[in-house]
Amino acid sequence: MNGVWIEAVWLTIRVAALSTMCTLPAAVFLGWRLARSSCRLKPVAEAFISFPLVAPPVVTGYLLLILLGRNSAIGKIASDLFGVSFTFNFTALVTASIVVSFPLAVRSIRSAFELVDKSYEKVSLTLGASRIDTFFRVSMPMALPGIVSGMVLAFARSLGEFGATITLAGNVPGKTQTMSLLIYSDMQVPGREKEVVILILISLSISFAAIVLSEIANRKTRYLKK
Amino acid sequence: MRLSLNDVSLSIEDKKFNYNISLTDSIIGIFGFSGSGKTTFLNCIAGLLKPDSGSIRFNDTLFFDDNKNINLPPNRRDIGFVFQEHFLFPHLTVKQNLVYSRLYTKDKSIHFNFDAVLSLLDLEDFLYQKPFQLSGGERQRVAIGRALLSQPRLLLFDEPFSNLDKTRRKEIISYLLKINAYYQIPMFIISHDLEDILKLTSYLVIIDKGTIVTAGNCIDIAESGKVAGIAGYSAFTNIFDVYCINQVNDDNTLLRFSDAAHSKKTFICAAASDHTIISAGQKTRLSVLPEDVIIAREPFIQSSIQNQIKGVVLTITIVEQACYINVDCGINIIAEITIAAQQSLDFKKNDYVYCLIKARAVKIVHGY
C-alpha cells in the first residue's frame with residue numbers, strides 16, 4: 001500500500017468513527033422521542049430528519065455549503081468566535097458525514113424503541129425510577145440491538161459518502177481525500193484499474209467487518225426478543 | 001387503608017370513564033368484563049394515566065387533584081403494580097429484576113426484606129437465570145417479588161392469573177394470601193374470573209362501561225343479582241358463606257353446611273376431596289355455577305342428588321340462548337336452564353320450585 005492509500009483509509013476510518021460517535025447521542029435521543037411521541041408535528045419532524053436520505057447528496061452538500069460556508073451567518077460566527085471553518089477541511093468531512101448518516105441512524109433506532117413495549121417503562125416507573133432512569137436502565141438496553149444496527153448503518157454510510165463530501169470538503173489529497181474520493185480520482189486516470197480494485201476491496205472489507213460486528217452484537221442480545 | 005377517588009373522569013378515544021368511590025378493605029377484588037374500565041381504574045391510581053378531572057387520595061397523600069393542579073408521578077406514589085403479563089426486564093437476571101428498585105428505596109422504611117421475599121415466594125433457585133428461562137408461574141412470582149421489594153404502600157394486580165394454568169393460579173393465590181397475612185399490605189386485584197377473586201377477598205368493586213356500578217360484600221352483591229345483571233349471567237357464580245355442620249358419613253366424603261352459625265339444619269352439601277380440611281363449625285365459602293343447578297317442581301325422591309333445596313322463584317330472565325331463574329331459598333340461587341326447558345315447564349314468578357345440585361358441583365372456595 002502506498003502512502004496516499006494509507007492516508008485515505010486512515011482518514012476515512014477516522015471520519016466515519018468520529019461522525020458515528022457524534023451522531024449516536026442525538027440519534028438515540030431523537031429516535032426515542034419519535035418512537036414515543038404522539039405530537040401532530042411528528043410527521044413534519046420525521047420528514048425534515050429524513051430529507052438527506054432522499055435528497056441527492058450533491059444537493060445536500062451544496063445546501064451545507066450555503067448554510068455553513070465562510071460567507072454564511074453560521075460560518076462567520078464559528079470562524080470569528082471559535083476559529084472553526086466548516087469547509088474544505090477535516091471538520092467539513094465529519095459534518096457532511098454526520099448529515100448524511102444521521103437519518104439512517106435515527107430511523108433504525110426509532111424502530112428499535114418502537115419495538116420496546118411501553119409497559120416495561122410503566123413497570124419501571126411504578127418501581128420508583130424516574131423517566132430518565134427508565135430510559136437509561138430499561139428503554140435503551142432493550143433497544144440495544146437496534147441502536148447497534150443504527151450505528152453500523154451510520155458508520156457504513158460515512159465510509160461510502162461521496163457527493164456531500166466532495167461538495168463541502170473538496171478532494172484534497174492528504175487532507176480531505178477519503179477512500180471514495182480516492183477511488184473516484186484513480187478511476188479518472190487510465191492504467192490505475194488495479195489500484196481501484198484494491199481500494200474497492202479494502203472499502204468492502206471494512207464495511208463487511210462492521211456488519212459482522214453488528215451481527216455478533218445482535219446475537220448476544222437475542223434474549224431481548226424472547 | 002383509605003383510598004378515595006372523587007369524581008375522577010377521563011376520556012380515551014371514544015370511551016368515557018368516571019370513578020367515584022372510597023375504599024377501606026385490605027383486599028379488594030375488581031370485577032368486570034373486558035373493556036369495562038378495570039385496568040384504566042388501576043392506571044389512574046398508579047399514575048400511569050392522568051385523569052381529566054377529579055381527585056385521588058391515598059391515606060394522607062393526595063395523588064391527583066385537578067383543581068389544585070397536583071399529579072404525583074408514578075415513581076413517587078409508592079405503589080407496586082403487577083401487570084397481566086409479567087414484564088420482567090429481559091436484559092436483567094431474576095436477581096437484578098428483584099433489586100431494580102433498590103436505588104429508589106434508600107429513604108423508605110423497609111417492610112419487605114430481600115431474603116424474606118425470596119423465601120416467601122420460593123425464588124432462591126433461579127436468581128441468576130434470565131426471565132425467558134422461567135415458567136409462567138415463576139415469572140409471575142418474580143414480578144410479585146419485584147413489586148414487593150419496591151416497598152410499596154399499596155399493591156395493584158392486573159389480571160395476575162390470566163396466563164396461568166389452574167395449578168399455577170392456585171399457587172399464586174396462596175402466595176398473595178401469604179403476603180397479605182404477613183405484611184397486611186392493601187391489595188387491589190383485577191380478574192374477570194369471579195371465582196379467583198372470591199378466593200382472595202369478600203369485597204368486590206364491579207366496573208361496567210367505565211363506571212363503578214356497585215361495591216361491597218360479594219354475598220350482598222351476588223344476592224342482589226347485580227353481578228349477573230351488570231356483567232352478564234355467563235360471568236355469574238352463586239356464592240354461599242355457610243357453616244360446616246359436621247362430616248356425616250364414615251369415610252368423610254360429604255360435608256354438610258348450614259346457612260347460620262351453630263345451626264344443625266343442613267342447607268347444602270358438598271363433596272370433600274382429599275385436600276379438604278374443614279372442621280365442624282368453620283365458616284366456609286362455597287360456589288356453584290348456575291348451569292349446575294337444576295330447577296324442578298317436585299323433589300327427586302330416591303335419586304343421587306344430595307341438594308334438593310326448596311325456594312320461590314323471584315325472577316326469570318332470558319339472555320341470548322339461556323334462561324336464568326333466580327330462586328329465593330333463604331339464600332338466593334341462580335339457575336341456568338335452556339329456553340326449551342322454560343317453555344315446556346313454564347316457571348313463573350312466585351312458583352315453588354326445588355333447586356337440585358349435585359354435591360360434586362358445589363365447590364369449596366375456602367374455609368376461614
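Here is how names work: the chains are called A, B, and so on, in the same order as the sequence lines, proteins then strands, and each is numbered from 1.
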Exceeds 12 heavy-atom contacts within 6.0 angstrom, atom [atom1] of [X]:
{"X": "A:Tyr62", "atom1": "OH", "result": "no"}
{"X": "A:Asp80", "atom1": "CG", "result": "yes"}
{"X": "A:Phe90", "atom1": "CZ", "result": "yes"}
{"X": "A:Leu201", "atom1": "CG", "result": "yes"}
{"X": "A:Arg14", "atom1": "CZ", "result": "yes"}
{"X": "B:Lys16", "atom1": "NZ", "result": "no"}

[X], part contacting chain A, at a heavy-atom distance under 4.5 Å:
{"X": "B:Arg146", "result": "both"}
{"X": "B:Phe83", "result": "side chain"}
{"X": "B:Leu88", "result": "backbone"}

Shortest non-hydrogen contact from A:Asp133 toward B:Tyr100: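 Distance-wise, the nearest heavy atoms are O-OH, 4.5 Å.
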
Nearest non-hydrogen partners of B:Tyr104 and A:Leu127, listed with the distance: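 Between these two residues, the closest heavy atoms are CD1-O, 3.7 Å.
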
Mutual orientation of the aromatic rings belonging to A:Tyr120 and B:Phe87 [parallel < 30°, tilted 30-60°, perpendicular > 60°]: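 Plane angle over 60°, so perpendicular.
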
Among the listed options B:Pro152, B:Ser150, B:Ala46, the residue most often paired with chain A at heavy-atom distances under 4.5 Å: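 Ranked by heavy-atom pairs under 4.5 Å with chain A, first place is B:Ser150.
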
Under 3.5 Å: donor-acceptor pair, side chain of B:His91, backbone of A:Arg137: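 Such a contact is found between B:His91 side chain and A:Arg137 backbone.
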
Passing option when A:Thr126 is tested against B:Ile79, B:Val82, B:Leu48 for side-chain contact (heavy atoms from CB on, under 4.5 Å):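 Only match with A:Thr126 under side-chain contact (heavy atoms from CB on, under 4.5 Å): B:Leu48.
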
Inter-residue atom distance A:Ser119.OG - B:Gln84.CD, 0.5 Å rounding: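 Here the interatomic distance stands at 10.0 Å.
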
